[in-house]
Amino acid sequence: MMIDVCIFSTSLNFLLDPLSHEFMRRALMVSALVGGVCGLLSCYLTLKGWALMGDAVSHAVMPGVVVAYALGLPFSIGAFVFGVGSVALIGFVKQKSRIKEDTVIGLVFTGFFALGIVLVSKIKSNIDLMHILFGSPLGISVSDVRHTLAISAIVVSLLFIFRRDLMLYCFDPTHAQSIGINTIFLHYLLLSVLSLSAVVGLQTVGIILVVAMLITPGATAYLLTDRFDRMTFLAILSSSLSSVIGVYISFWFDIETGGSIVLVQTFLFLIAFLFAPRYGIFKVRKSPS
Amino acid sequence: MINSARFANQNDPLRIEAKEICVDYNGTVALYDASLNLGSGCICGLVGMNGAGKSTLFKALMGFVRPSRGTICINGVSVRRAQKDQAVAYVPQNEGVDCSFPVSVWDVVMMGRYGSMNLLRMPRESDRQAVFHALERVELVELQERPISALSGGQRKRAFLARAIAQRASVLLLDEPFAGVDVRTEKLMSDLFLQFKNEGRTILISTHDLSHVRDFCDLVVLINKTVLAYGETSKVFTQENIINTFGGMPPNLLSGPTTTEGYR
C-alpha cells in the first residue's frame, strides 16, 4: 500500500516537476497546439495524396524564413511567399518541360532549401541554423508563442470554414467543380495553409521533420476510422498527445525534442498499423460483409 | 419549319445546346465543329472510340474546358450559370474516385446538396430529406451508414446516382454506367433512367457498350473528334454510321464492348 502511494507520488512528481519550469510550460503548450494544427491539416494532405507536396513546401519555406528574419518581418510572410511561390514554380516547370512531376518537386524544393542554407550562412544574424533545421520548443520566446498562436488561429479557422469544401475537393474535385465550387481557390487555400503550418511546425520539430507532423497523424487516424470527422478528431488527438509525450521524454532523457516528438508519432502509427480494429495487420475485428 | 422549331424551343427549352464548339488543349484539337441539341426528357447514348472526344465533350458541358470557338447553353443559360443552378451532375466511373476515402454513403449523397447550402455547408432539414429521398430511389437506405469502401461496385454506382438525384440536376452525365455493375443495379438503373426521362431530365451516357445503347437510349450521338451524327437511335445507329465512328473498324454489335485502341 505504502509502496503503491510512493510510486504514484513519484510518477506524479515525474509529470509535475517539469511544469515548474516556465520554459517547459511554454514548450508543452506550443507543441500541443502546433501538433493539433498540423494534425488537422494532415488529414487533408494524406487523403489528397500530397505527402511529397508537404515535404516540398515545408522545405521551400526555409529561404523565406531567413529573408523575413533579415528584413525584420514576421516569419509567416516569408514562408507564405516562398511556400506558395515554390508550388507555382513547380507547376510552371512541369508545364513547360517534359520532366515528370515528382522529379520537378524534388528539384525545386531542394533548390529552395539549399538557398535557405546558403542565406543563413551568409546573413550574419542570431538565427541559429540548428534551430531552424531541428526546432527548439524548449527555447521558444514569448513573441514566438504569440506568433504561433496567431498563425494557428488563422489556419484553424480557415480549415474550419472550408472543411466540407476541402473534403469534397480531396474526394471528388470533378463534382466540386461541376456544382460551381471554385477548386482553384481551394487548391491555393490548401497550399497557403500548408505553408503557414510549416512555419509553426518548424518551431517545434524543425524544417527537416515538419513533414512528419503533416502526414503521420493523418495516416494513423486513417487506419483507425472510416468517418472523416472522426479521422480529424483522432489525428488532432494523436498529434497533440505525441507532442506532449515527446517534450516530456526529451526533458527526462535530455534528447533532441523534435526527434522525440516525431518518434512518438511514428510509434503511435506503428501501433495503429499493427492493431487497428479493421485495417491493422492483426485485425481485432472482422470487417463487415 | 423555322417557326415551328422556335415554338418548340419556347415551350420546351433545350437542355443541352452546343453550337459548333471547338476545344483544343495547347494546340491539340480534341473536338471541332461539334453541334448538339438535346431537349428535355431523353436518354442519349454518346458513342465513340477512346480519344474521340467523349470526355472532352463532358468537360465542356461541365465548364472545365472553355471551347476556343462556339457556344454551349444548358437550359438556355451559360455553363457557368448552369453550374451555380446545380443543373449538371456528373456520375463518375467507379475507377474515377478514391473508394477508400473515409466517407459514408450518406456523406456522399449529401455532397450533392453542397451547392445549395451556405458557406459552412450545414445541412438543413430539407437537405436531409432530399438525401433520404434519393437513397430511397436507389434502394440504399439500409446501407446509408456504410463507408463507401465497404460497398460493391454496383452499390457505389447507385450512391453516386443518388448524389445526382439529391442535387436535383436536370442534366446527368454518366461515364460508363454499366461497367462492372450487378444485374440488380443494372435493372434498377434502367428503371431510374426511364423515370428521369419522364421527369424531364436529360441523360447523356458515355459508353463503349453498344448493346446498351440499343436497349436504353432513345437518342444516340456518334462522335469522332466531331459529332458525326445524332438523332433517334433507330435511324442513326446503323452499321455504316458505327463503322464510320470507329474509324473503319466494324465492332461486334452483339458482344458489347469494343476494343479499337490498337487501330487508332
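We use all heavy atoms of the structure for the numbers below, so side chains are in, but hydrogens, waters and symmetry mates are not. Quick note on labels: first sequence line is chain A, next is B, and so on, each numbered from 1.
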#### Entry: Close contacts, residues 113-133 of chain B versus chain A, judged by heavy atoms under 4.5 Å
B/Y114, B/G115, B/L119, B/L120, B/R121
### Task
Please report the shortest heavy-atom distance between B/S104 and A/R227, naming the atom on each side.
OG-NH2, 3.7 Å
### Message
Can you give me the closest heavy-atom contact between A/R278 and B/P147, atom names plus distance?
### Response
NH1-CG, 4.4 Å
### Query
Do you know which of B/P102, B/A89, B/S152 has the most heavy-atom pairs with chain A at a distance under 4.5 angstrom?
B/P102
## Note on the structure
So CD of B/Q83 and CG of A/N182: to nearest 0.5 Å the spacing works out to 9.5 Å
### Message
Taking side chain as everything from C-beta outward and backbone as N, CA, C, O, which of these in A/T225 sits under 4.5 Å from a heavy atom of chain B? Side chain, backbone, both or neither.
### Response
backbone
### Summary
When the 4.5 angstrom heavy-atom criterion is applied to B/V103 and chain A, the contacting part is both
### Query
Do B/M111 and A/R164 have side-chain heavy atoms sitting under 4.5 Å apart?
no
### Message
Report which part of B/L173 has an atom under 4.5 Å of a heavy atom belonging to chain A: side chain, backbone, both, or neither.
### Response
neither
### Message
If you count every heavy atom of other residues, nucleotides or ligands that lies below 6.0 Å from A/F233 atom CZ, does the total exceed 12?
### Response
no
### Query
Does any non-hydrogen side-chain atom of B/R163 lie less than 4.5 Å from one of A/D172?
yes
#### Entry: chain A-proximal positions within residues 57-69 of chain B [heavy-atom distance under 4.5 Å]
B/M62, B/F64
### Query
Side chain, backbone, both or neither: which part of A/C43 has a heavy atom under 4.5 Å from chain B?
neither
### Task
Using a cut-off of under 4.5 Å on heavy-atom pairs, state which of B/S149, B/P92, B/S100, B/G96 scores highest against chain A.
B/S100
### A/I179 side chain near B/Q167 side chain, heavy-atom distance below 4.5 Å
yes
### Summary
What one should report as the nearest heavy-atom pair of B/F101 and A/Y222 is N-OH, 4.4 Å
### Query
Are the charged groups of B/D98 and A/K48 less than 4.0 angstrom apart, N to O?
no
#### Entry: Contact class of A/I161 relative to chain B, heavy atoms under 4.5 angstrom
both
### Summary
So, the part of B/V79 with a heavy atom under 4.5 Å from chain A: the answer is neither
#### Entry: Heavy-atom pairs under 4.5 Å with chain B, option from A/R163, A/M167, A/R230 with the top count
A/M167
### Query
Counting only heavy atoms not in A/I281, do more than 12 fall under 6.0 Å of its CD1?
yes
### Query
Looking at CG of B/D107 and CG of A/D229, how far apart are the two atoms once the value is rounded to the nearest 0.5 Å?
7.5 Å
### Query
Taking the inter-plane angle between the rings of A/F171 and B/F160 on a 0 to 90° scale, is it parallel (under 30°), tilted (30 to 60°) or perpendicular (over 60°)?
parallel
